[in-house]
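A quick write-up on the structure given underneath.
The chains referred to below are lettered A, B, ... by the order of the sequence lines, with proteins before strands, and numbering in each begins at 1. Side chains are part of it too, since the values below use all heavy atoms of this structure and drop only hydrogens, waters and symmetry mates. For clarity, every value in this text was computed on a predicted model and none was experimentally measured.
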Amino acid sequence: MEIIQVVGLGLIATFLILIIKEQKPIFAFLLAAFVGVIIFISIAGKIAEVLGVLQSLAHQARVNDLFLETILKIIGIAYIAEFGAQVTRDAGQGAIASKIELAGKVLIMVMAIPIITVIIETVIRILPA
Amino acid sequence: MIEWISEWLKQIIILVLIATFIDLLLPNNALDRYVKLVMGLLIIMAILTPIFQLLSEEYDLSALAFTHASHGERLASLQQIREQGEKLKTTQDRLIQEQSSKQMELSIKEQVERKFGVEVTESNVILQTRPKGMAEIKHIHVRASASAVSPHQLGGKPVQPVYISVGERETASPKGDHAGNKLAQNIASYLSDAWHVRQEQVQVTVDAL
């Protein structure tokens, strides 16, 4: 989806939400969430292209598969957590949004645990016992 | 080596590029620090990869050495190596003695033939080794054929085989042929002079044809 289409969709949704908000606030929120999901999904295709390029580059340079996998998982977690947090914050639930962000942070740190373990083990092995 | 380094550098460069790209892609500041931390760890790990390989190889080597030592072959093999070394040394000494005695025989033959005009059919040098490891001449045996000797040296008569050893001259030499006897004596004294050995150690036999 091109940028004009995304912006047009966003503008139309905004006008509709402004009109609906007086009568049915709940539908206004639903519309906002729905449009958000559509924009996110349409952009996800582009992100997939970018990730494909990164992946092929990494394979050409023979980067360790563990590294690449970790990076891609981190990107995914960051995006999904970000999206969920924004939708909930739009609905006025800032507490839940911050919990979603916390979950994202924890999961990213869990991704980092194997790497940290390997590095610390190496340092300990290098140092004379 | 260069290939390996370029591979390693390529890996690091690609990782740094990807990290920058992801930094740009990330939505807002909330998750930024965490993602940056993890990417930094990944890059550190890529940089440390050679050290990991080194450590794992070292570990393999030490394990190999331990298994080898645990069979108890090390002491025995050292002993064997020493024995083989001794054996090789004695063989080498023997070869050196043979070679040098052969050279001496050749030069004695040449000297005697040039000086006395006889044909040396056989020359034999026996060496013995001193305790210090030096070799000395134990015995020289020369057998010359007097066919080429001029008649006045032999006295014009057919000569019987003469066996001369300087120490036991009386018993060894048959009576009669004084010319051959004298020639043998001359050769013996010449050789004892030239090679710095005692006269008893030189044995000259002159065959007269």
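Expressed to the nearest 0.5 Å, how far CD1 of I116(A) lies from CD1 of I44(B) amounts to 10.0 Å. Residue I75(A) holds its CD1 atom at 9.0 Å from CZ of F21(B), rounded to the nearest 0.5 Å. Note that the CD1 atom of I14(B) and the CG atom of L54(A) stand 9.0 Å from one another [nearest 0.5 Å].
Inspection of non-hydrogen atoms places Y34(B), V35(B), L37(B), V38(B), M39(B), L41(B), L42(B) of residues 34-43 of chain B under 4.5 Å from chain A.
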Please table the atom pairs, donor to acceptor, closer than 3.5 Å between any side-chain atom in residues 11-28 of chain A and protein atoms at least two apart or in another chain.
{"from": "T14(A)", "atom 1": "OG1", "to": "G10(A)", "atom 2": "O", "distance (Å)": "2.5"}

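A81(A) touches chain B through its side chain: at least one heavy atom from C-beta onward sits under 4.5 Å away, while N, CA, C and O do not. Heavy atoms of I47(A) lying under 4.5 Å from chain B are absent altogether. For chain A, the nearby parts of A46(B) are the backbone and the side chain; heavy atoms of each come within less than 4.5 Å. Neither the backbone nor the side chain of M111(A) comes within less than 4.5 Å of any heavy atom of chain B.
Contact annotation: the side chain of I71(A) approaches that of L15(B) to within less than 4.5 Å [non-hydrogen atoms, C-beta and beyond]. The shortest distance between side-chain heavy atoms of L57(A) and I18(B) does not fall below 4.5 Å.
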